[in-house]
Amino acid sequence: MARSSRPQTAAAARPGVRSPRIAELISPTIALPGGRLCPEAVALLEAIDREGSISGAGRALGFSYKHAWDLVALTNKLAHARVVEARAGGSRGGGTALTSTGRHLVQDYRTLERAIQRAAAPRLATLARRVAR
């Protein structure tokens with residue numbers, strides 16, 4: 001049987017295991033003066049924006065209610081401002097929305113993440129080829 005000249009990743013060599021895209025290989029944690037902004041906190045803010053509540057966002061991400069609230073509190077502290085705000089609600093109650101600070105935090109993080117991924121892509125491809133042998 002002839003071997004393919006195309007390198008395989010370790011995941012691709014195993015049936016049923018998907019190889020990660022290069023963009024999925026780097027999710028930066030950014031150290032700022034007030035603490036660290038981690039991918040988990042940014043994902044939570046994005047989920048709050050989609051779901052309209054902290055508890056719904058936590059459920060969507062598989063976080064406990066306490067963990068979701070703790071992440072919001074840590075992110076508020078890091079930003080020195082509220083990143084979410086309560087919304088008045090009707091019969092089903094209120095909800096939660098991102099503040100402008102929360103939206104900017106997500107936008108800035110995602111912009112930095114894309115820049116880091118673009119800069120790292122050639123080295124990551126080389127690394128992936130080296131470890132796939």
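Nothing here was measured: the structure is a model prediction, and the numbers come from that model.
One hydrophobic cluster, built from ILVMFWY side chains closer than 4.5 Å, holds both L112 and L98.
In terms of heavy-atom proximity, L61 sits nearest to A47 at CD1-CB, 3.9 Å. Closest of all the heavy-atom pairs between N76 and V83 is OD1-N, 2.7 Å. Smallest separation of non-hydrogen atoms from I26 and E113: O-OE2, 4.1 Å. Minimum interatomic distance between A41 and T75 (heavy atoms only, all atoms of both residues): CB-OG1, 3.6 Å. Across G102 and L45, no two heavy atoms sit closer than the pair O-CD1, 4.2 Å. Across all non-hydrogen atoms, the minimal contact from Y109 to P39 is OH-CG, 3.4 Å.
In this structure, R110 pairs ionically with E46, as a charged nitrogen and a carboxylate oxygen lie closer than 4.0 Å.
Under the 4.5 Å side-chain criterion, counting only non-hydrogen atoms from C-beta, L74 is not in contact with L78. The side-chain heavy atoms of V42 and L37, taken from C-beta on, include a pair separated by under 4.5 Å.
How far OG1 of T126 is from CZ of R129: 4.0 Å, rounded to the nearest 0.5 Å. Rounded to the nearest 0.5 Å, atoms OG (S55) and CH2 (W69) are 8.5 Å apart. R82 CZ to S100 OG: the interatomic distance, rounded to the nearest 0.5 Å, is 10.5 Å. A distance of 9.5 Å separates CD in E85 from OG1 in T96, rounded to the nearest 0.5 Å. Summarising the geometry, atom NZ belonging to K66 is positioned 10.5 Å from atom CG belonging to L71; distances are rounded to the nearest 0.5 Å.
For residues 43-64, the pairs satisfying ring pair (Phe, Tyr, Trp, His ring centres under 6.0 Å) are F63-H67, with sequence neighbours left out.
Between V84 and the options I54, D49, T101, a side chain to side chain contact (heavy atoms under 4.5 Å, CB included) holds for only I54.
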